[in-house]
Each structure stands twice: as C-alpha cells, then as structure tokens.
Amino acid sequence: MQSGELSPLLSFLVERLEVGIFAVDTEMRIVLWNRFMAVHSSQQSSDLIGKNLFEAFPDLPVKWLEKKIKNVFILKNYAFTSWEQRPYLFRFHHNRPITGGVDTMQQNCTFLPVKNDQDEVEYVCITLFDFTDTAIFQQQLNTAIEELGKEKAEQQELIKKLEDAQNQLQQSEKLASIGQLAAGVAHEINNPVGFVNSNVGSLDGHTKSLLELIAAYENAAAKLAEPSAEFQAVEELKKKIDFEYLKEDIGDLIRESKDGLGRVKKIVQDLKDFSHVDNKQEWQFADLHKCIDSTLNVVWNEVKFKAEVEKNYGTIPEVECLASQLNQVFMNLIVNASHAIAERGKITITTSAENDWVCVAVTDTGSGIAPEHLKNIFDPFFTTKPVGTGTGLGLSVSYNIIAKHGGRIEVDSVVGTGTTFSIHLPVKHPQIPEDA
Amino acid sequence: MLTTDQKDALQEIANIGMGQAGEVIARVLNEFVTLSIPRILILQPNLIAPALQRMVNSENVSAVRQAFHGSVRGEGLVLFGSKRCTDLADLMGYEGEVDHETELEILLDISNILVGACLGGIAKQINIDIGFSAPSLMADRVPIKEMMQVDNVPWQHALLVEVNFQLEKRSFACHLIILMPEEELVKFAAALDVFLESL
C-alpha cells in the first residue's frame with residue numbers, strides 16, 4: 001500500500017491530515033507512515049517502510065499491541081484505544097511546548113482492518129488522534145469537581161460546627177439563667193430567713209425567761225403551808241397540759257427550728273456559691289473542695305437515695321478558674337454517676353495534685369459505658385438515656401468548659417463495674433484567646 | 001413490529017451469526033467459548049431495564065456501550081455482572097499487575113470484540129454494511145436502574161437481542177445486548193425482507 005497507489009488528493013490527505021496514520025501488514029512490517037507520524041516520531045517514512053514496527057519502536061508494549069493488531073486481522077473488525085485508559089501508544093511530545101500541562105501527547109487510536117477483494121484483511125491501518133487538549137480540559141474539570149466536592153464537605157462540616165456551637169450556647173444560656181433564678185430566689189429567701197432567725201433567737205431567750213419565772217412561782221407556791229383551792233386548780237392545769245413535757249419540748253422545738261434555719265441558710269449560701277452571680281465570670285482562684293461541697297448540697301436530693309458519697313480529698317492548691325462553670329461540670333458528673341447506679345451504690349470523689357495540675361475524679365459503681373459508646377459520649381446530643389430524660393449535652397458542655405480551662409477530661413469505664421471521669425486542671429489558667 | 005416470518009428469519013440469521021462469532025472469538029482468545037442461542041424481544045423503553053436485570057441476575061453491573069451505524073443504527077451493550085474480566089488479562093496480551101484502568105481497558109476491548117463479531121456476523125448474513133464507533137464505559141459497578149435513563153426517548157419500542165457469552169475454563173461470563181429503536185427496526189425489517197426474497 002504505497003501512497004503512490006492512491007489518487008493524488010487522497011495521498012495528499014493521508015500525508016497532511018493532522019492525524020497520525022500508519023499501517024502494518026500481517027508480519028507487523030510498516031507499510032504506511034504519514035507526515036504526522038514522521039514529525040512526532042522523528043523517523044522518516046523512507047527509513048521505516050518495510051521495517052518491523054516493534055524493531056523500529058522497541059518502547060511499544062509489544063505483547064499487548066501485537067495481540068491487538070492480530071485480533072483485527074482475525075476479527076476483520078475495528079479496535080480502539082482511548083486516552084482515558086491508555087494515555088498514549090507512542091510517547092510523542094504534545095503540542096504545547098510552551099504552555100505545557102501533560103508530559104506526553106494523549107492519544108485515541110482506531111485500528112482499522114484494510115480488506116482486499118477476497119474479504120481478507122491485508123493491512124491494519126492505525127489512526128492516532130491527538131486528544132491532549134481534551135485530556136487537559138478533562139483534568140481541569142476533574143480537579144474543579146474534586147475541589148467543589150471538598151468545599152462542599154468543608155461547608156457541611158462548618159454548618160455542623162455552627163449548629164453544635166449554637167446548641168451549646170443555648171444550653172449554657174439556659175444553665176446561666178437557671179443560676180440567676182436560683183440566686184434571685186436565694187436572695188429573696190435570705191431576708192425572711194434572716195428575721196425569722198433573729199426572732200427565733202429572741203424567742204429562745206424569752207422562753208427561757210418565762211420558764212425561769214414559772215420556776216420562781218413554783219418555788220414560792222411550795223413555801224406556802226397550805227395550798228389554797230386556787231393553787232389546786234393551777235396544779236390540775238399543769239397536769240392537764242403535761243407541763244413537765246412542755247418544758248422539755250419547747251427547748252427541743254426551738255433547737256430544731258434553729259437547726260432547720262441553719263440548713264436553709266446553708267442551702268441559700270450554696271445556691272449563691274453555685275451560681276456565682278456575685279463575681280460575674282471572672283477568673284479567680286477558688287477552693288475546689290468548697291465548689292464540690294456546695295454542688296453536692298445542691299444535688300443532694302437527687303443523689304441521696306441512690307448512693308453514699310465518699311469524699312477522698314487530698315491536699316490541693318486553689319485553682320484559677322471560673323468556679324460557676326466548674327460547678328456545672330461537677331454537677332453533671334455527680335448526677336450522671338447517680339443515674340448510672342441502678343439500685344444503690346457508691347460515688348467516690350477523689351482529689352489530688354501533681355506538679356502544677358489538680359485532678360478531680362468522680363467514680364461510680366454504676367453500669368459502666370459500653371465500649372462502642374465511649375467515643376461518642378462527649379458529642380453534643382449523644383445520650384443513652386430514655387427520650388426526654390437526658391439532653392445529651394451535659395458531657396459535651398463539660399468537655400468544652402474543661403477545654404476552656406486548658407484542662408482535659410478523661411473517662412475510664414468497665415461495663416458492669418463502674419466509671420471514673422477524671423478532670424485534670426492546670427492550677428494557673430493558661431492564656432487562651434477568649435473566643436471559645 | 002416484526003412479522004412472524006421476519007422474526008423467524010432474524011432468529012435464524014442471529015443463530016448463524018453467533019456461530020460464526022463464537023468461532024472467530026475462540027481464535028482470538030485461544031479458549032473454548034460458548035455463545036447462547038440469541039433471545040429476541042421487542043420491548044417498551046421502561047421494560048428494558050427490568051429485562052436486563054433478569055438477564056444479568058446481579059445487583060450491580062459494569063457496562064460498555066458501542067454504537068453501530070451504516071444502513072441500520074443502534075447500540076450494542078455488554079453487561080458484566082459480578083464476574084470481573086481481570087481474569088482475561090493474559091489472553092489479551094497484558095503483562096504484570098492489572099490496575100483499575102487496565103481492567104476498564106480490558107472491559108472495553110472484550111466488548112468491542114463481542115459487539116464487532118456478533119453484529120458483524122448478523123450484518124454479513126443479510127448483506128448490510130455497518131461500522132462501529134469506539135466503545136465507551138457506561139457504568140462501573142452501578143445498579144442497572146441507574147445505568148439506563150429511558151424517561152425521554154423518542155421511541156416506543158426497541159428490538160433487543162440478547163446473547164450470553166461464556167468462557168468455561170475461566171468461569172467468565174457476560175451478556176451482549178443489541179438495541180435498535182423502532183425507526184431503525186423498520187429499516188432492519190426491510191433488509192430482512194430483501195434477504196427472505198433472495199432465498
């Protein structure tokens with residue numbers, strides 16, 4: 001198949017079309033090699049005609065390509081290669097010597113059976129199209145799609161973070177307003193309790209005086225030789241009202257009232273300490289033992305039926321903290337501990353200090369946390385409590401509060417045995433930008 | 001859409017065509033191949049996907065489409081079920097490890113051979129001339145329902161010819177489907193009539 005056999009127009013087209021065209025016979029000898037192929041391979045047609053394709057181009061994947069060409073001879077049908085799966089057949093320079101983009105010309109090839117009059121395939125003609133521009137465009141498109149996907153994922157991540165932050169904000173606002181309410185109530189109770197307390201004090205004095213007076217009367221009466229009928233009536237009244245018992249009981253009543261008032265005062269003080277409305281979210285050195293005690297008093301009603309509380313306090317320095325927020329954390333941990341206990345158990349609160357760090361550990365003898373839940377427990381809205389019981393925010397809020405303090409919160413749990421939450425706090429608050 | 005005579009003729013032609021195709025594919029692959037007796041159906045667009053699903057009997061498929069054109073036009077579809085064609089790499093002259101791109105190239109190559117041989121076989125019987133476009137990947141392990149979008153096609157019926165292709169030694173199998181819209185089916189029927197008259 002020499003170009004000379006073709007009409008001048010056809011041979012011109014074969015020669016000058018911007019498509020690689022070459023052909024081989026059944027022995028893989030090159031019978032046609034057009035200008036495009038010559039230019040890009042730097043091998044002239046006159047040097048190649050008659051040569052074995054694979055001897056002339058040893059870089060070609062001989063086994064595969066020979067099979068591919070032979071199949072065209074057998075099947076008498078087209079075969080193809082696409083740049084997407086096979087970027088190139090010949091390693092040619094691409095047509096972008098300046099602007100670049102890919103390292104080799106990307107090629108789509110068609111293997112065309114050239115049949116003779118007897119319907120036998122005499123040659124296989126291979127056309128090679130330059131798909132470099134398409135490939136680069138596709139590459140750019142893929143990169144753009146990939147970036148868009150990445151951006152979308154990032155946005156989704158941001159939206160989720162925003163939602164989490166908003167929920168936490170709502171939760172902490174809720175807790176803050178509960179704190180304010182508690183402080184307001186405490187203040188209101190404080191006044192009446194104050195004057196009741198003072199009145200009871202006076203009452204105590206007055207009662208004692210009155211009892212002294214009665215005792216004096218009794219003494220005087222005993223000295224009279226013959227009790228008159230009037231005294232007889234007094235004696236009967238004394239028996240009727242059980243005066244001896246009254247005398248004893250009146251003291252007990254007043255003592256108990258004083259005791260009760262003392263407890264009311266303590267609760268009011270604890271509520272105030274807990275909410276810390278007095279010192280508006282300032283970093284102050286605080287005694288964590290006091291914080292834990294006041295928290296325990298606030299939640300005592302919830303805990304007392306479930307567990308005995310053992311305080312295992314070590315010697316710890318005061319910690320620079322936002323005490324009201326730490327109280328929230330202690331409350332969460334203690335309430336969670338009591339929730340974990342089904343019937344009756346024990347909550348141990350241990351404190352210790354090492355170097356410039358303080359550790360508070362809350363250990364319960366409850367049900368423990370399943371290993372598959374451990375990684376989620378600090379996630380917002382994660383809860384295993386029945387619907388309507390837990391918000392799933394307690395530990396998440398706690399986690400963030402501790403993080404804000406530059407500390408860390410750790411959990412160690414054995415299913416069926418119990419759980420320990422350990423809070424590690426630096427004694428001195430590290431300077432973290434206040435954007436949290 | 002086709003008269004009984006036309007349908008019988010098509011079945012006969014397809015049988016002979018597949019026989020020839022099987023022979024030539026066996027020569028190409030150097031393996032014993034089995035081609036099933038072609039099954040011929042005329043289906044509405046929405047029934048094609050369920051029909052393919054029944055044939056392939058695999059949830060996810062990979063598929064290659066290849067257009068043919070000439071006196072009649074249509075598409076050849078080759079569906080690969082759970083059986084992958086990496087096993088055929090050595091038959092196609094590949095050496096070394098078969099990566100995903102190579103696997104896809106084998107998929108395209110096998111499809112090209114099947115479509116070319118089978119359709120070529122049929123076309124030769126009724127003396128019509130067809131050429132082929134390059135095959136392209138239509139689906140890479142996706143459900144058949146997602147692969148075919150026939151909601152907005154300009155035809156009411158399509159001719160579907162199904163052939164199963166098996167390489168027994170390799171436990172490899174795939175399905176060849178030839179699809180022609182009714183407009184082309186009319187031309188095809190005319191070609192069948194010419195063939196019948198020439199008998």
Side-chain angles (χ1 to χ4, degrees), chain A residues 19-20 24 26 28 53-54 57-89 102 104 106-115 117-121 124-131 134-135 138-139 142, chain B residues 17 20-30 33 62 64-70 76 85 88-96 98-124 127 129-137 140:
Chain A
V19 175
V24 293
T26 50
M28 299 295 147
L53 175 69
F54 300 107
F57 297 96
D59 287 347
L60 289 171
V62 50
K63 195 165 174 231
W64 169 81
L65 186 55
E66 196 172 15
K67 179 82 185 149
K68 185 117 181 163
I69 295 172
K70 280 193 169 150
N71 285 350
V72 177
F73 278 111
I74 298 171
L75 289 161
K76 304 178 183 180
N77 197 7
Y78 301 80
F80 306 88
T81 67
S82 161
W83 65 269
E84 282 171 287
Q85 281 82 39
R86 183 173 294 273
Y88 59 87
L89 205 58
V102 289
T104 308
Q106 307 285 295
Q107 301 153 9
N108 267 15
C109 300
T110 303
F111 296 68
L112 184 73
V114 182
K115 296 177 198 171
D117 297 339
Q118 283 84 51
D119 198 37
E120 285 161 352
V121 180
V124 170
C125 176
I126 296 150
T127 55
L128 190 149
F129 294 86
D130 181 355
F131 265 68
T134 312
Q138 187 78 36
Q139 235 171 38
N142 286 344
Chain B
Q20 291 172 347
E23 191 190 325
V24 74
I25 293 167
R27 272 174 65 204
V28 164
L29 297 179
N30 284 323
V33 302
S62 298
V64 172
R65 60 171 291 282
Q66 186 169 20
F68 58 90
H69 39 75
C85 58
L88 306 183
D90 63 307
L91 297 182
M92 308 297 289
Y94 288 89
E95 292 165 301
V98 179
D99 59 15
H100 187 60
E101 289 306 318
T102 307
E103 190 185 343
L104 293 180
E105 191 177 33
I106 299 171
L107 214 67
L108 290 169
D109 231 6
I110 287 282
S111 303
N112 182 57
I113 290 172
L114 280 176
V115 172
C118 296
L119 259 163
I122 293 175
K124 206 173 150 196
N127 211 14
D129 188 31
I130 52 173
F132 298 92
S133 303
S136 61
L137 190 71
D140 191 10

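Quick caveat, the model's predicted, so the values are computed rather than measured. Chain identifiers are assigned alphabetically (A, B, ...) following the order of the sequence lines, protein sequences preceding nucleic acid strands; residue numbering begins at 1 within each chain.
With a 4.5 Å cut-off on non-hydrogen atoms, K76(A) does not touch chain B at all. Q20(B) does not touch chain A: none of its heavy atoms, backbone or side chain, sits under 4.5 Å away. Contacts of S133(B) with chain A are made by backbone atoms alone, with heavy-atom separations under 4.5 Å and no side-chain atom involved. In this structure, the portion of K67(A) lying under 4.5 Å from any heavy atom of chain B is its side chain and not its backbone. Using a 4.5 Å cut-off between heavy atoms, E105(B) touches chain A through backbone and side chain atoms alike. Using a 4.5 Å cut-off between heavy atoms, L91(B) contacts chain A through its backbone alone, with no side-chain atom that close.
Across D109(B) and F80(A), no two heavy atoms sit closer than the pair OD1-O, 4.3 Å. Nearest heavy atoms, E84(A) versus E101(B): O-OE1, 3.1 Å. Between W64(A) and Y94(B) the shortest heavy-atom distance is NE1-OH, 3.1 Å.
The residue among A134(B), G116(B), P135(B), S136(B) with the most heavy atom pairs within less than 4.5 Å of chain A is A134(B). For chain B, the option among T81(A), I74(A), N108(A) with the highest count of heavy-atom pairs below 4.5 Å is I74(A).
Counted within 6.0 Å of CD on E23(B), heavy atoms from surrounding residues, nucleotides or ligands total 12 or fewer; the atom is thus considered open. D129(B) CG: 12 or fewer foreign heavy atoms inside a 6.0 Å radius.
Between the side chain of N112(B) and the main chain of Y78(A), a donor-acceptor pair closer than 3.5 Å is present. K70(A) places no side-chain N or O within 3.5 Å of a backbone atom of V28(B) that could act as its donor or acceptor partner.
Taking CD1 of I113(B) as the reference point, atom NZ of K68(A) lies at 7.5 Å (rounded to 0.5 Å).
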